[in-house]
Amino acid sequence: MEFKQILAGLTICIILSPIMAIGKEQKQSAEMGILRSDVWRNKTPDWTAEGKQEEAYFGVVVSTAGDVNGDGYGDVIIGAPGYDNDQDDDGRVFVYYGSASGLSKTAAWTAKGNQDEAYFGWSVSTAGDVNGDGYSDVIIGAPGYHEYAGRAFVYYGSASGLSTGAKWIGGAEQAKEYYGVSVSEAGDVNGDGYSDVIVGADMYDNGERNEGRAYVYHGSASGLSQSYDWTAEGNQDEAYFGTSVSEAGDVNGDGFSDVIIGADMYDDSVNADVGYVYVYHGSASGLSKTAAWTATGKQEFAYFGISVSEAGDVNGDGFSDVIIGAHYYGEANEGRAFVYHGSASGLSKTAAWTAEGDQAYAHFGISVSEAGDVNGDGFSDVIVGVYGYNGDQPNEGKAFVYHGSASGLLKTSSWAAGVGQKYAYFGISVSEAGDVNGDGFSDVIIGAYQYDNSDKNEGSTFIYYGNTLR
């Protein structure tokens, strides 16, 4: 399935949903973490950028880039996989550097796919510091490369910013593997002082069709290993293991980073496409061969694991927590997000916190992420994207921030934003942005891949500074 078909599938399921949901009364449900009515209003972003090309889909994926030039300010990375350069849909990625006045108005660095339908920028992430030189690096996925075999590219940071060319390239082992459909920093899974990376290939076959696979590559003084150091598979037809991958932080406090992987179309013994999520623990020898923790959506067509992320430490107990999205969960695909707390024995067996969309076809949880500490209280916060939300306009989308506390995440959201444009799908991607203006508060970044300004579906991305996210 090619990129625009995939996006069309996501869009059609919302556009064809009942528009009567636009005027639906919002429930005030503290038990399920629904946003208070007094904060349902658009917020003015502190920074925006646009794709400036028709159907570029700028912002379909966004992430912190870390600090790629070592100036002490957070940088961000934005994918536009539908962007046309010299070839159709080869894709383009943009990095904007932070400063005392915030992000640069124009991209400080860009790269492109250089192949028809490479969809370079389908996935983007900080890679951490894979070669230990003190600068953050970035990783970019291009799952359409070589007729959907896929590739991933790492660019190194330096005092002058990111390298012009890729310093590491990872590739698929088979045709139509979709290697690079998801990419992320893995943290330091083997404790050697270098960041590692994880790459998902959700249509990998090995005994089962489209079972999916994930690969981890270790960092070193010379950079990432050329061949993978660890791999795992879905072991079920059409599980799509690796559709989402992320660092999990250190969920059991043993000093090694752990990883989290989603298989959003996994079937249990009763229901189809409930979704399954796996956490693998790090150690001196690398990641465990079998999952140390798993969870499932427990509902047919929940797509639990469509998005996964480290949540930071939301309750301040010294253990990392994780957040998982299930964007089809609940009544009429409202969607739900789940947070599991870390402990000395690993993640909790049941979710410590949940929140849901409370609107038909909202698709709450299509994207989830740690938000950093946006209000400076010492607890990590989280951000959830709801790209199908009907606010002032149909399917404009929303994003919600929930604050951490000594007892965990608050039941009600403290902040939300939307863009007031129909079918913008604001919240298709959400992420911590780092501290892009150096004020001591974490900032957040949100993508709206079908936002229109001068060009149809060019896409737009929005930054909101911490301290105001209250």
Side-chain angles (χ1 to χ4, degrees), residues 33 64 66 125-126 128 184-196 198 216 230 232 244-262 276-296 304-305 307-326 336-355 365 368-384 401-411 414 431-432 434 442 444:
T64 176
S125 176
T126 178
S184 178
E185 175 185 14
D188 182 5
V189 301
N190 59 347
D192 63 358
Y194 299 95
S195 295
D196 310 312
I198 183 168
V216 169
W230 177 93
S244 56
V245 298
S246 177
E247 176 185 12
D250 182 4
V251 301
N252 60 345
D254 63 357
F256 300 95
S257 295
D258 310 312
V259 301
I260 183 169
I261 301 169
Y276 222 75
V277 172
Y278 307 74
V279 169
Y280 298 83
H281 289 170
S283 71
S285 57
L287 291 174
S288 55
K289 293 185 182 299
T290 58
W293 178 92
T294 62
T296 181
F304 182 83
S307 54
V308 298
S309 177
E310 177 184 12
D313 182 5
V314 301
N315 59 348
D317 63 357
F319 299 96
S320 295
D321 310 312
V322 301
I323 183 168
I324 299 166
R336 186 178 279 194
F338 305 76
V339 168
Y340 298 82
H341 289 170
S343 72
S345 57
L347 291 174
S348 54
K349 294 186 182 298
T350 59
W353 174 93
T354 66
V368 297
S369 178
E370 176 184 12
D373 181 7
V374 301
N375 60 345
D377 64 355
F379 299 97
S380 295
D381 310 311
V382 301
I383 182 168
V384 180
V401 169
Y402 296 84
H403 289 167
S405 72
S407 57
L409 291 175
L410 301 184
K411 295 292 185 183
S414 301
S431 178
E432 175 186 13
S442 296
V444 299

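For the single chain, residues carry numbers from 1 onward in sequence order. These numbers were taken from a predicted model, which means no experiment stands behind them.
- Thr354 OG1 to Ile324 CD1: the interatomic distance, rounded to the nearest 0.5 Å, is 12.0 Å.
- Side chain of Ser246 to backbone of Ala248: no donor-acceptor contact under 3.5 angstrom is found.
- Across every non-hydrogen atom of Gly404 and Asp381, the tightest pair is N-OD1, 2.8 Å.
- Note: Ser407 OG to Phe379 CZ = 8.5 Å, rounded to the nearest 0.5 Å.
- Remark: the backbone N or O of Ser288 is paired with a side-chain donor or acceptor of Trp230 at under 3.5 angstrom.
- Tyr402 OH to Leu410 CG: the interatomic distance, rounded to the nearest 0.5 Å, is 10.5 Å.
- With hydrogens and angles disregarded, a donor-acceptor distance shorter than 3.5 Å links the side chain of Ser307 to the backbone of Gly365.
- Residues Glu432 and Val374 fail the side-chain proximity criterion, which asks for heavy atoms closer than 4.5 Å.
- With a 4.5 Å cut-off on side-chain heavy atoms, Val322 and Val277 do not count as touching.
- Atoms CZ and CD1, on Phe338 and Ile323 in that order, are 10.5 Å from each other to the nearest 0.5 Å.
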message = Run the side chain to side chain contact (heavy atoms under 4.5 Å, CB included) test on Asp196 and Leu287 for me, step by step, so that the C-alpha distance in whole Å, both residues' side-chain angles and the decisive distance to 0.1 Å come before the verdict.
response = CA-CA 11 Å; Asp196 310 312; Leu287 291 174; over 6 Å; no

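- Put simply, CG on Asp258 and OG on Ser283 are 9.5 Å apart, with the number rounded to the nearest 0.5 Å.
- Looking at Ser369, its side chain never comes within 3.5 Å of a backbone N or O of Ile383 through a donor-acceptor pair.
- Between the side chain of Ser442 and the backbone N or O of Asp373, at least one donor-acceptor pair lies under 3.5 Å.
- Taking the six-membered ring where tryptophan is involved, the planes of Tyr278 and Tyr280 are essentially parallel, since the angle between them stays under 30° and well short of 60°.
- Taking both residues in full, the closest heavy atoms of Ser125 and Ser184 are given as OG-CA, 3.5 Å, listed atom of the first, atom of the second, then distance.
- Remark: side-chain polar atoms of Asn190 are not paired, donor with acceptor, to backbone N or O of Ser285 under 3.5 angstrom.
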